[in-house]
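For the numbers below, each heavy atom of this structure counts, side chains included, while hydrogens, waters and symmetry mates do not. Every chain is numbered from 1, with letters handed out A, B, ... down the list of sequences.
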Amino acid sequence: MIPPRPSVRIPPHSAMELVDKNYDPRKVEARWNSRWEEGRYFHAALPSSRPTFSIVIPPPNITGSLHMGHALNVTLQDILLRWRRMRGETVLWLPGTDHAGIATQNVVERQLAAEGLTRQALGRQAFVERVWQWKETSGGMILNQLKRLGASCDWARLRFTLDEGLSRAVREVFVRLYEDGLIYRGERMINWCPRCRTALSDLEVEHHEVAGKLYTIHYPLADGKQGITVATTRPETMLGDTAVAVHPEDARYAGMAGKRLRLPIAARLIPVIADAAVDREFGTGAVKVTPAHDPHDFEIAQRHALPRVQVIGEDGRMTAAAGSHADKERHVCRHDVVKELEAQGFLVSVQDHRHAVGHCYRCKTIVEPLVSLQWFVRIAPLADPAIRAVQEGRITIIPKSWEATYFDWMYNIRDWCISRQLWWGHRIPAWHCRACGKMTVAMKDPASCAHCGGGIEQDPDVLDTWFSSALWPFSTLGWPDETPELKAFYPTTVLVTGFDILFFWVARMIMMGLRFMDKVPFKTVYIHALVRDAEGQKMSKSKGNVIDPVEIMDQYGTDALRFTLAAMASPGRDIKLSMERIEGYRNFCNKIWNAARFVLMNLPENFRPAPLPDPAEFLISSKWILSRLHECAEFIQRDLDEYRFDQAAHRLYGFTWHEFCDWYVEMAKNDLAAEPRREETLSVLMTTFETLLRLLHPFMPFITEEIWQQLPREGETLLLAGYPTVPLKWGKKDQTAEWVIGKMIEIFTNSRNLRSELRLPPSVELDAVIAAGPMTAGTSKHWLKYAKKLARLNILEINEDADKPRGSATLILSDNDKVYIPLAGLIDVHSETQRIAKLLEKVERNLKPLEAKLSSADFQSKAPPDVVAKTRQQLEDLRSKHLQCRKELEWMNEITSTNLPEGTSA
RNA sequence: GGGCGGAUAGCUCAGCGGGUAGAGCGCUGCCCUUACAAGGCAGAGGCCACAGGUUCGAGCCCUGUUCCGCCUACCA
């Protein structure tokens, strides 16, 4: 443990102390979150004359708890928002949650079940009250987890899809769409979940391949002779068959149409019909028609006016129409029907058959297609403008490749089933008349039928949760009122989300936004990847491979997690999260922490940051780091403009660690010791580090704020300190400084390499003589002073025609520079010869392709001149190295041939 | 059945307006040098999936092929 120096400033408020050699996020994070909230720094104050930047959060389910997908999603949004906020824009990040109809109802029903209750026993009103109660006590967990991540949301504007304002928006939209004829009620084939007891939209059905069977069954003709063999994967539905269809041009079944078949088991007579929709290639070319239980058959039945026999009920059990099989669960019934068919000799064959089966997205139960009276949105008129908005570039989707998926879905979009047989959600504002049977749809709850004045009853169904989510970008801003928020922040700037809800949510928001606001809901959609585990598997509770972000934050800190996710967020690529990677960025936090310790330990008690003087007079180290910083800031700006979080993160990592810490801090140690330049160095060190903290802040808000608060500074929070933009106020690109330090680094690195190869301990200081070209010799005075500390070199001479001291190793560098390191007594001729031979080999390896290239006439004439020039330059440099290597070897040879005994120093 | 994405160092991934392959982690060697051993210094390690083509020149562009993912779809 290092004893604190008297000069170390430890502000009284600090919980984290500089003497701590390791950064401990637990001591830091909670405090800053509450400070930021107290300061209301996340609040977007209106009116504002500054540019605005707004994002609505993809509202997480109130039943949810934070997973890695949220963590990634929130991190990326927060980076954008903190960045823009620091740039002085009026930034709104609107947070909220989603009432998640089915999921929430399931949770509360499970609770009731544990108490021996059902929602039916409780009654609708009491049940809904109970869900609200649950929401108030348990529905906010995920919000606290978002805060833990550092999400800089405007918490004062928190919304909920079922709150009063949003409910009003939902009702307004429903009524207007109904009046415009875009919402209708009708009897259609829909997807029904027998467990959730509700209709589902097409999107809420997940298709999974399952190993099923293909049963072929013989249906005899009414007279008992011959007949038709059909194939099915669902034999239990035969009880509801009302026809068998064949293709009209199928020679095998010529003349069959119009005849009657006797349906086995049920012993009903059903007709053979001809329909062109039948695929002659599949199975036997004849298909049983079950209009009540298959979407395809439903359509055939409509064309041929076939009756519907519903044999499977909403509970997934067979109905009375199934005769002796009534009341059996549908899969039990399948088994029994097959047995019965077999016993009676109607079962022809059973084959293995893989096919996709629809499952409920929420409870994974196999979905049952049922004919049902439901509410639908007529979608084509809404889809058209939404397609155009993207085609015309009013909305940009990033990465662009997702546009194709978007278009594909939008072109083939089908009407949206929006009614759900649930109690938790927005109740459909439609009333059915008991007298005339007509419907009243109204903004205000009607007392009687609008058509005949008769008694009415409200439709029992609620709306699909996604219906309210589709309004999110404007309903949350106060629509249908014309609020200042709506005026200032709609359209929102960017939507950040995962591709899994592109159809569910993004497309629908675009359609609704255009319909009701007449403007796109967001200008850019940034689509990020899915977070998978280290093996590339989708994380799921059932697989047990979930990495819990909260645990990661506990263990490694929020900043490490955020930085990991940002660094791995390359566009169009899933993230395979690994602990090693998180640990690496935890180490990065520690590096930053220790850099801060170095800076603060060196600041005098009363240090006040002052504007930097004219950099023309600066030390080469100062010029260099400011130049590098400038470039870093420039790239970050470009990366963030292009949503390249990964590139920005890598850039910051590289600059911080490998330029600032590895080289600048090391040079600064020397500069600080030399009195005349102490002031300058302190200023540059401070300025660079402080700027770096600003650059890092959107990625790592906690550690940067913690450190920044301990620096001598102006302003109350780093959150509102400006973001560095180029050109920076001080410092600029300095090609000369970069060249000179680049040369220094080459010399130091090569000599360290020599030391390492020759196993010379770092403690041994080596002499060096440098035979340098004019450029190197002329500028060396700027960095010679660093040689002792950074390379443990004692440079005796640097000169254009310095002689090689006897018994030296030679470092052969670019620009025809050579470094001689006398090693008398330390190294023998043999190993030095080997070392040079190895280098020669490497140079030759690189030389060959270059020579081949330059000797090609085509290359000379067809390649662009700058490429030719560059290549020639490279070749020249390599050639001079090559020559130098050969000279060294010859020289070595001469020594050995003058009969120096083996092992003698060269 | 359609569509999209991927295949680059042991692992995870960058690099894709073509110009002698990069990072992090891991690995090897040497170092407890007063910011940091969660560290420093140095190093090893790649026919850029395969086969053709375009080009002076191809991870990068084109055409196939083979494996992986994912999305989408009413073949009973």
Just checking [X]: base, sugar-phosphate only, or nothing, at a heavy-atom cut-off of under 4.0 Å?
X: A:Cys661; result: base
X: A:Val599; result: nothing
X: A:Met568; result: sugar-phosphate
X: A:Arg845; result: nothing
X: A:Ala231; result: base
X: A:Tyr653; result: sugar-phosphate
X: A:Glu851; result: nothing
X: A:Arg759; result: sugar-phosphate
X: A:Lys789; result: nothing

Can you find a heavy atom in the side chain of A:His359 that is under 4.5 Å from one in the side chain of A:Val210?
->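 They are in contact (side-chain heavy atoms under 4.5 Å apart), so the answer is yes.
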Can you tell me how far [atom2] of [N] sits from [atom1] of [X], to the nearest Å?
X: A:Ile582; N: B:U12; atom1: CD1; atom2: C1'; result: 12 Å
X: A:Asp500; N: B:C71; atom1: CG; atom2: C1'; result: 11 Å
X: A:Gln873; N: B:U20; atom1: CD; atom2: P; result: 14 Å
X: A:Tyr556; N: B:G24; atom1: OH; atom2: P; result: 19 Å
X: A:Phe563; N: B:G24; atom1: CZ; atom2: P; result: 12 Å
X: A:Asp646; N: B:G22; atom1: CG; atom2: C1'; result: 14 Å
X: A:Arg581; N: B:C13; atom1: CZ; atom2: C1'; result: 6 Å
X: A:Leu672; N: B:U34; atom1: CG; atom2: P; result: 16 Å

If you pin A:Val665 and A:His650 to their nearest nucleotides in RNA chain B, which one's is more 5'?
-> A:His650
Toward the 5' end of RNA chain B, which comes first, A:Phe660 or A:Val287, by nearest nucleotide?
-> A:Phe660
Any salt bridge between A:Arg879 and A:Glu851, counting N to O under 4.0 Å?
->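 Counted as a salt bridge, because a side-chain N and a carboxylate O are separated by less than 4.0 Å.
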Do A:Lys27 and A:Asp20 sit within salt-bridge range, that is, some charged N less than 4.0 Å from a carboxylate O?
-> yes
Can you give me the N/O atom pairs linking the protein to nucleotides 54-61 of chain B at distances under 3.5 Å, or say none if there are none?
residue, atom, partner, partner atom, Å
B:C56, OP1, A:Lys862, NZ, 2.7

How would RNA chain B look in dot-bracket form, 5' to 3', counting Watson-Crick and G-U wobble pairs with both distances under 3.5 Å and writing | for bases paired to another strand?
-> (((((((..((((.....[..)))).(((((.......))))).....(((((..]....))))))))))))....
All N/O pairs under 3.5 Å across the protein-nucleotides 38-42 of chain B interface:
residue, atom, partner, partner atom, Å
B:A38, O4', A:Asn587, OD1, 3.2
B:A38, O2', A:Asn590, OD1, 3.1
B:A38, N7, A:Asn22, ND2, 3.3
B:A38, N3, A:Arg586, NE, 2.9
B:G39, OP1, A:Asn587, ND2, 3.1
B:G39, O3', A:Lys591, NZ, 3.2
B:G40, OP1, A:Lys591, NZ, 3.0
B:G40, OP1, A:Trp657, NE1, 2.5
B:C41, O3', A:Arg752, NH1, 3.2
B:A42, OP1, A:Arg752, NH1, 3.3
B:A42, O2', A:Ser756, OG, 3.2

List the steps, then state whether side chain to side chain donor-acceptor pair (under 3.5 Å) holds for A:Thr290 with A:Lys288.
-> CA-CA 7 Å; A:Thr290 320; A:Lys288 60 193 267 316; 2.9 Å; yes
Hey, do the aromatic rings of A:Tyr585 and A:Tyr653 have their centres closer than 6.0 Å?
-> yes
Counting N and O atoms only, with roles assigned by atom type, does the side chain of A:His658 sit under 3.5 Å from a partner on the main chain of A:Gly654, one being a donor and the other an acceptor?
-> no
